[in-house]
*Asks:* 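The structure that follows is given in the form of structure tokens.
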Amino acid sequence: MKNLPPISHQSEAPNRGIMARMVPDIFEKPYSPTTSEPKVLEQWDESGYSNPDTCIKKGVCAPDAEAFSIVLPPPNVTGTLHTGHASMLAIEDTIIRFRRMQGKKTLWLPGTDHAGIATQSKVEKLLEKDGVRKQDLGRDEFLKRVEQFAQESHDTIVSQVKRMGASVDWTREAFTLDEARSLAVRTTFKKMHDDGLIYRGYKVINWDPKGQTVISDDEVNHEERQATLYTFRYSKDFPIPIATTRPETKVGDTGVAVNPNDPRYAEHIGKTFDVTFCGVPLSIKVVGDESADMEFGTGAVGITPAHSQTDAQMAERHGLPMVQVIDERAKMMVGGEELMGKKTTEAREAVVAWLQSEGLLEKEEPITHNVSVAERSGGVIEPLPKTQWFVAVNKTFDHNGKQTTLKEIMRESVAGGNIQILPERFDKTYFHWIDNLHDWCISRQLWYGHRIPVWYRGEETHVGITAPEGDGWEQDPDTLDTWFSSALWTFSTLGWPQQTDDLATYHPTSVLETGYDIIFFWVARMILMSGYLLDEVPFKTVYLHGLVRDEKGRKMSKSLGNIVDPLDLIDKHGTDALRMALIVGIGPGADNNLSENKIKAYSKFANKLWNITRFTLGATEGVDLTKKPTLHADDEARVVEIDALAKEITNDMELYRFYLAGEKLYHYAWHTFADIIIEGCKEHLTETADPERSASTRWMLAYLLTNTLKLLHPFMPFVTEAIWGHLPYKNADMLMVAPWPAPNK
RNA sequence: GGGCGUUUAGCUCAGUUGGUAGAGCAACUCUUUUACACAGAGAAGGUCACAGGUUCGAGUCCUGUAACGCCCACCA
């Protein structure tokens, strides 16, 4: 709170020295982002230049210019934007502004994501505070509440996106759950069903008892927990002891697997034993299966086909029956009163107590193992057999006359070089994920989302884009995984399934910029859908950014209380400063430990630019940039220098190295232009200086300022645009569409 | 169990193709000179995790080790 710079010397001697009389008053004060940025935003809004059609109409972009497009990864309508979003917007806007200035037909298409499960649970929690459950409201009323919440979130998000300076084209805004996107979803579902790629199946799935819905494999996290490994026999007569951490599930066992090469148990393979386990009659068949690890536990595994995906696979291999013993509320469905209706945790104790009383428990030992947890709700996953809808990723089908699988389409798009992933090392991650991919469960027991376009009437089933004719049809109550609609995003936003001009012009999109944490959820699924439906890649380059962490490198979270609101940072330091702090030095895939000091440094830089301008404007009054005088060799060298820099920056930008480009520009502007060139040129600008040399220097300064502003505009759009508005020798009405100072490659 | 990343100045981090290291912040000295004290000038600070190797030369390439972190995976 100490330093308000004295400016008294200005008013005392306004006409002294080389300071011109014509520098606008505004430059007498330090740069103020808070007063300047809203005005610039207004100018951008009015110009309409973020719409490529307007750019063509106003003649700042050639009608036949090459297209460049990005679709904004749609933020979830679950609340407000965080620093991760700010980082995404900063990077994408930098790319977009660069391409627009290069004269490309540039489209950045914005939108939001309904984010089914996330939004629904958020609203459920809000209602809970008022003691209201969604069942009390009913489906329609509940959905109205969700939509209202979504609308409010949407409006907040839109204003935040604008505040970041993101030059998206709002006239093309989309929502993953609006009418146009809904048509795209139903069209896709129908086509995939017709091709046999979507099927309804009874399988063991990941049931989230807390969220009361099925979730996909990708939505399951593994957490290390301490547990007890119990070693026991089903009965006194049973020849093989087995080990488990979940004794309560053993009432659903139908087999025991031993390794066929294990001499201890080989003689029992093929035999079936009837036992009564904790009051439940079981028929256990001993099978030989290579997957049984002779080294672990007793070397024998109890097979519970209904409550373990691996056991289900084993059961399928050996023709063992599946018996469900746990229900959707994670309560027991079998047994006497000590089990029936009890929670699994209580049932576990009951079973252990029974084993002890029967003398069947041979060993109890502590063990560290992985527990499956639902990433959204945090609930412990209960594998259950259920009838759900799936996308078959391994099924061979006819794709434009070629036999292939969805998995193959995903692999080929990247392996064949049609998509470049940055940083490259994520290729491996991507391929590894594909190799391990199982069928994608796409149905959810949620109310908020795209209702599955399937109708039932008795034994009849209708799969269609619209509801069937006639009475008595009931639509499937479930909704689709939110990623199903996100997967269509690059082309559903451009009008697909209609063959629109936008689709022809802007698809495939040029680059997808998103976080590495959703490479599977989203990036892979977009490649799948685009390859399947359009037979082309959804984007040519994938630029993956990392996480924004706090200055200590910790993930930002509510429980740590270290969440930083980007709007607060903008209020304090300006958008340009925040953008620079989010871009400079942060390569693709690298996490960013955001410190406020870094932002402060760049807010000073904005002020430095302000003062560079103040000096230059004072020195270059009357200069006509279009009339280049014969330059003194020193000045010519400076012109050559910045031209070379422009080329280098262009190259960096085209190779997605803007984290380097930003830093180079910072150094050039501050430590070359200001510290060396301006300091060194003062002697040539005095009244007694040689007029020819003075003219040379003045032209050179105007040239350097103009080009510095252009090169910096993609990074710091606000301050550069604000300055541009005061330049007497500008060659475009707005900097955002001014020609880029290096020729296209 | 696999795969990947990180380890560079007190702190947070850059360092694109190999040529004896850079920025911001912090700390030190000087300067309020007519663009800017949200500044300028100057000085200081690093055996680039460790051990080998390739090379005329390695923070940068190769091998191994350690610590930390992340992702994936059906060891019950």
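Residue numbers start from 1 in every chain, and the chains themselves are labelled A, B, ... in the order their sequence lines are given, proteins ahead of strands.
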*Asks:* Only one of A:Tyr265, A:Phe277, A:Phe273 forms a ring-ring contact (aromatic ring centres under 6.0 Å, His included) with A:Phe238, so which one is it?
*Replies:* A:Phe273
*Asks:* At 4.0 Å (heavy atoms only), tell me whether A:Asn597 reaches a base, stays on the sugar-phosphate, or touches nothing.
*Replies:* sugar-phosphate
*Asks:* Between A:Tyr666 and A:His671, what is the ring plane arrangement, given parallel below 30°, perpendicular above 60°, and tilted in between?
*Replies:*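 Rings of A:Tyr666 and A:His671: perpendicular, over 60°.
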*Asks:* By the 4.0 Å heavy-atom rule, please label A:Ser603 as base, sugar-phosphate, or nothing.
*Replies:* base
*Asks:* Name the nucleic acid region contacted by A:Asp293, choosing base, sugar-phosphate or nothing; use a 4.0 angstrom heavy-atom cut-off, strictly under.
*Replies:*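 Base contact.
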*Asks:* Return the value, rounded to whole Å, for the distance between atom CH2 of A:Trp670 and atom C1' of B:A35.
*Replies:* 13 Å
*Asks:* Would the base of B:A41 count as contacting A:Glu679 through its side chain, where contact means a donor and an acceptor less than 3.5 Å apart?
*Replies:*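 There is none.
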*Asks:* May I ask you to check whether A:Asp576 and A:Tyr602 show a side-chain donor-acceptor distance below 3.5 Å?
*Replies:* no
*Asks:* Any donor-acceptor pair under 3.5 Å between the side chain of A:Lys608 and the base of B:C36?
*Replies:*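 Under the 3.5 Å cut-off, the side chain and the base do form a donor-acceptor pair.
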*Asks:* For atom C1', what is the distance between B:G22 and B:G59, given to the nearest Å?
*Replies:* 12 Å
*Asks:* Determine the interatomic distance between P on B:C28 and the same-named atom on B:U33; round to the nearest Å.
*Replies:*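 Result for the P pair: 24 Å, nearest Å.
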*Asks:* In whole angstrom, give the distance that lies between atom CG of A:Asn592 and atom C1' of B:G24.
*Replies:*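 One finds 13 Å between C1' of B:G24 and CG of A:Asn592, rounded.
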